[in-house]
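Chain naming here is simple, since letters A, B, ... match the order of the sequence lines and numbering starts at 1 in each.
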2 protein chains.
Amino acid sequence: MRCVAETRYPHEVLGVVLSVRDGRLSALLWRRAEKPFVGRWALPGGILGADERLGTAVARHLARKVDIQEIAHLEQLETRSDPKRDPRGRVLATAYLGLVPAGAEPDLPDDTAWHPVDALPRTAFDHGSIAESGRARLRAKLSYTTIGYALAPDTFTISQLRDIYGAALGHEVSATNLQRVLLRRGVLVPTNSTVAPTRSGGRPAAVYRFRDRNLLVTNEFAAFRPGPA
Amino acid sequence: MRCVAETRYPHEVLGVVLSVRDGRLSALLWRRAEKPFVGRWALPGGILGADERLGTAVARHLARKVDIQEIAHLEQLETRSDPKRDPRGRVLATAYLGLVPAGAEPDLPDDTAWHPVDALPRTAFDHGSIAESGRARLRAKLSYTTIGYALAPDTFTISQLRDIYGAALGHEVSATNLQRVLLRRGVLVPTNSTVAPTRSGGRPAAVYRFRDRNLLVTNEFAAFRPGPA
DNA sequence: GCAAAAGTGTTACAATTACACCCATGC
DNA sequence: GCATGGGTGTAATTGTAACACTTTTGC
């Protein structure tokens, strides 16, 4: 095989893995021990294998940082191509958005931790801005798809879901209205169980789950809907 | 430079260039004269240059098929990585969505033509499915952003805009409601001119234009809006 | 005058938000 | 009993769709 270096490029995959931890939307980052950017925090990822697809590659690399079973949703985000994004030389990077349910407590390597996305530490490369893209994608999709299923545990109370949506959206969400919107759209179904209140009292909370553990679009046309025909 | 072929990949860019022609949403395709896929229709594009960004590359390649000035909007769509997507060998492809206003009549090379996206001819590679992704992205954004500006001429009547939205969305759109929705959102501003009716008569139509020739999000939260605070 | 196309007024409908009020439990 | 969190009923608000009607032109 003739090798024309100028027209072939190293390609890496990166994961913006988001989850609500301690009430804040957080990203999974690991701390670099080597140059460049020693000590700075980076998105998990790695290089694309020879006969591998991008989605497969990102899942493979994420598995080294987090139990891959915990990732409830994974979708392609964008591809970065700035020739100077890596000081060592040109590397194309395709980023994916991954979501981990709140409540899951996957074991993490020592160099890896969750960081709230609105207070990221100093990041390596362009990873800070890629994480921001991931957050924007999540926020946009929360209101017109069922993407929230991937941030919530299997079963949950409305208050728990309210806190999750609030953390992801970055503003307060009313439990009352959240419940009704999701029930009307048919994405939420009640289980028959309830959860005992905490020591401070209160009525036992009903437990719900998402009807479907896949991404569904529930509000395709915000305007200009097709007629009844 | 040592060349490790297994970890470097050729990378191409592709453009899903859409425009409403003769009342139908159409994609710009060119007919292949060489193997593979001789005679089939392909998306315009080409390889990524050594120190080039993806967006720059796609603009450069599109310029060979269409007057680049006519492309009013260009955004990254997705990156395809199936190792078998090109029978000659592995090539990664990053697709962009480009929009050309209706009414623009750019000169096209002999091998290039507009094809309605709901009746595409036999396409080369995975280009048919990439074009479909482009159409889906456009449809989704039409109802909550001002992306329509890039499909419409500088100035237009509501009926013309109705036809453009109808073609892009794939269903009838009422001129009455289209006008009101866009006026209320403040994205449409009336000019003071009118257009004479056609020979079949009718009241002269008022001429409008978009307030802003950039992509704006007008309906960020379909639900779970932040409160007035 | 009549047909055709454009545009306006009004009503109807749907989805979401806001808020008052009732419910069930622990202490 | 009463504080606390959970949940329901109902109204208010907003946004969109439907449709009748008026306006302005060509013939």
**Request:** Check whether any side-chain N or O of B:S159 sits under 4.0 Å from OP1 or OP2 of C:dA6, and answer yes or no.
**Result:** yes
**A:T194 side chain vs A:A206 backbone, donor-acceptor pair below 3.5 Å** = no
**Request:** Look at the side-chain N and O atoms of A:R185 and state whether any lies under 4.0 Å from the OP1 or OP2 oxygen of C:dA15.
**Result:** no
**Message:** Nearest to the B:I158 side chain among C:dA24, C:dG7, D:dG7, which nucleotide is it?
**Reply:** C:dG7
**Prompt:** Between atom OH in A:Y144 and atom P in C:dA15, what is the gap in whole Å?
**Reply:** 19 Å
**Message:** Expressed as a whole number of angstroms, how long is the span from B:Y165:OH to D:dA17:P?
**Reply:** 13 Å
**Complete:** Residue pair B:R162/B:A223 against DNA chain C: nearer the 5' end by closest nucleotide is B:R162
**Message:** By nearest atom, which of the nucleotides C:dT16, D:dT25, D:dA17 is closest to the B:P204 side chain?
**Reply:** D:dT25
**Salt-bridge criterion met for B:E75 and B:R137 (N-O under 4.0 Å)** = yes
**Rounded interatomic separation in angstrom, taking CG from B:N177 and P from C:dA12** = 16 Å
**Request:** Please state whether the rings of B:Y165 and A:F224 are parallel, tilted or perpendicular, taking 30° and 60° as the class boundaries.
**Result:** perpendicular
**Message:** Does B:R180 contact C:dG9 through a side-chain donor or acceptor facing the base, at a distance under 3.5 Å?
**Reply:** yes
**Message:** Categorize A:A175 for me: base, sugar-phosphate, or nothing, with a 4.0 angstrom heavy-atom threshold over every strand shown.
**Reply:** nothing
**Message:** How many whole angstroms separate atom CZ of B:R184 from atom C1' of C:dT8?
**Reply:** 15 Å
**Request:** Assign each of A:T176 and A:S143 to its nearest nucleotide of DNA chain C by heavy atoms, then name whichever residue's nucleotide is nearer the 5' end.
**Result:** A:S143
**Message:** Counting only side-chain nitrogens and oxygens, does B:Q179 get under 4.0 Å of the OP1 or OP2 atom of C:dA6?
**Reply:** no
**Request:** With rounding to the nearest 0.5 Å, note down the distance linking OG1 in A:T79 to CD in B:E78.
**Result:** 9.5 Å
**Prompt:** In whole Å, what is the span from the CD atom of A:Q160 to the C1' atom of D:dG7?
**Reply:** 16 Å
